[in-house]
Amino acid sequence: VESATLSMDVPLGGSNWTTGASPTGRPADSTLVQVNSVGPRYFETFGIPLRHGRKFGARDDAHQAPLAVISASAAARLFPGRDPVGQHVTVHRTSLEVVGVVGDTRYWSLREAPQPTIYRPYLQMPDTWEELFYGIRARGDSDLVDVLGAASAAPDGDPATAWTAPQRVVQHKTPPTLTLTLPEPTE
């Protein structure tokens, strides 16, 4: 495993949260953006390049000022002709300091144009999630499904405390991506 993360949405996962955003101090909700709450190493795990500034780290938690990393298309729409790093953008009446700009990605299909996206650190908003997606980037010939299936087995060997077998959807992309939905543990 090269890297792992978690997020509210994943590229080409067919879902997203869309809302209005604006540079702080300008009319509210002037630009429609996608918002994704992500864990550390999200951009590395999904191969989204950093264009400027920095990515989120483990220290970007609820004890820090609210932060954002924005996509290149969000930067162009929200801050045309200006460096967005250090600027503030308002989403849902919360002012976020922009600390980085990353490449664009698609959340619905390869045919769509990339949509402006604002990323928030998961560690600053962990209680707002109804479901999480886990992303894992691995290299080599090991069967990732078997590795993750074993990880969901009961640690004490008791079948009564084991999760049921993971459901899986394999999306053929370059590099190959595996999306797993792990059911809730039974008690």
Side-chain angles (χ1 to χ4, degrees), residues 1-129 131-137 173-175 177:
V1 173
E2 291 181 350
S3 66
T5 191
L6 49 91
S7 64
M8 187 170 66
D9 296 316
V10 294
L12 299 176
S15 67
N16 64 3
W17 170 33
T18 304
T19 190
S22 60
T24 299
R26 299 234 178 123
D29 301 337
S30 62
T31 301
L32 197 60
V33 298
Q34 297 178 145
V35 177
N36 194 359
S37 181
V38 303
R41 301 191 53 87
Y42 175 84
F43 304 110
E44 295 92 340
T45 302
F46 286 101
I48 302 170
L50 179 67
R51 302 274 190 227
H52 181 56
R54 70 174 182 89
K55 300 172 258 186
F56 300 131
R59 293 185 178 159
D60 295 325
D61 61 17
H63 301 291
Q64 305 302 318
L67 302 176
V69 168
I70 63 177
S71 66
S73 60
R77 288 197 189 165
L78 292 166
F79 303 102
R82 294 186 294 161
D83 181 358
V85 174
Q87 304 289 333
H88 287 78
V89 61
T90 299
V91 177
H92 284 166
R93 296 181 301 278
T94 300
S95 180
L96 311 169
E97 180 184 355
V98 177
V99 296
V101 178
V102 294
D104 288 316
T105 192
R106 293 168 172 86
Y107 282 88
W108 283 98
S109 78
L110 292 174
R111 293 183 182 147
E112 74 172 327
Q115 300 299 309
T117 304
I118 295 177
Y119 299 92
R120 303 249 353 245
Y122 161 74
L123 297 173
Q124 288 191 342
M125 48 188 297
D127 298 331
T128 61
W129 296 32
E131 67 180 11
L132 292 173
F133 290 94
Y134 292 89
I136 298 172
R137 178 178 287 268
K173 300 178 207 145
T174 303
T177 300

- Message: Restricting to side-chain contact (heavy atoms from CB on, under 4.5 Å), what partner residues turn up for Ala74, sequence neighbours left out?
- Response: Ile70, Ser71, Leu78, Pro116

- Please say which of Arg54, Arg41, Arg120 ends up in a salt bridge (charged side-chain N to carboxylate O under 4.0 Å, His left out) with Asp60. Arg54

- Message: Among Thr117, Val33, Asp104, which residue satisfies the side-chain contact (heavy atoms from CB on, under 4.5 Å) criterion with Ser73?
- Response: Asp104

- Query: Quick one: side chain to side chain donor-acceptor pair (under 3.5 Å) pairs with a partner in residues 74-85, sequence neighbours left out?
  - Reply: His52-Asp83

- Query: Leu32 and Gly20: which non-hydrogen atoms are nearest, and at how many Å?
  - Reply: CD1-N, 4.3 Å

- Message: Show the nearest heavy-atom pair for residues Val38 and Ser7, with the distance to one decimal.
- Response: CG1-CB, 4.0 Å

- Message: Just by distance, no angles: are the side chains of Ser22 and Thr90 close enough, under 3.5 Å, to form a donor-acceptor pair?
- Response: no

- Looking at the rings of Tyr119 and Phe43, which for Trp means the six-membered one, are their centres under 6.0 Å apart? yes

- Task: Find the distance between CZ (Phe46) and OG (Ser3) and round it off to the nearest 0.5 Å.
- Result: 9.0 Å

- Of the non-hydrogen atoms in Val99 and Val69, which two are nearest, and what is the gap between them? CG2-CG2, 3.9 Å

- Do you know the tightest heavy-atom contact between Gln124 and Gln64? NE2-O, 3.7 Å

- Item | Heavy-atom check, side chain of Pro40 versus side chain of Phe56, under 4.5 Å | no

- Task: Take Thr45 and Thr5, measure what side chain to side chain donor-acceptor pair (under 3.5 Å) needs, and give me the verdict at the end.
- Result: CA-CA 7 Å; Thr45 302; Thr5 191; 5.1 Å; no

- Message: Test your reading of the model: is there a side-chain donor-acceptor pair from Arg106 to the backbone of Glu112, 3.5 Å cut-off?
- Response: yes

- Closest non-hydrogen atoms of Lys55 and Leu50, given as atom of the first, atom of the second and distance, are CG-CD1, 4.0 Å

- Donor-acceptor pair, Gln87 side chain versus Pro23 backbone, under 3.5 Å? no

- If you look at every heavy atom in Leu123 and Gly57, which pair is closest and at what distance? CD1-O, 4.2 Å

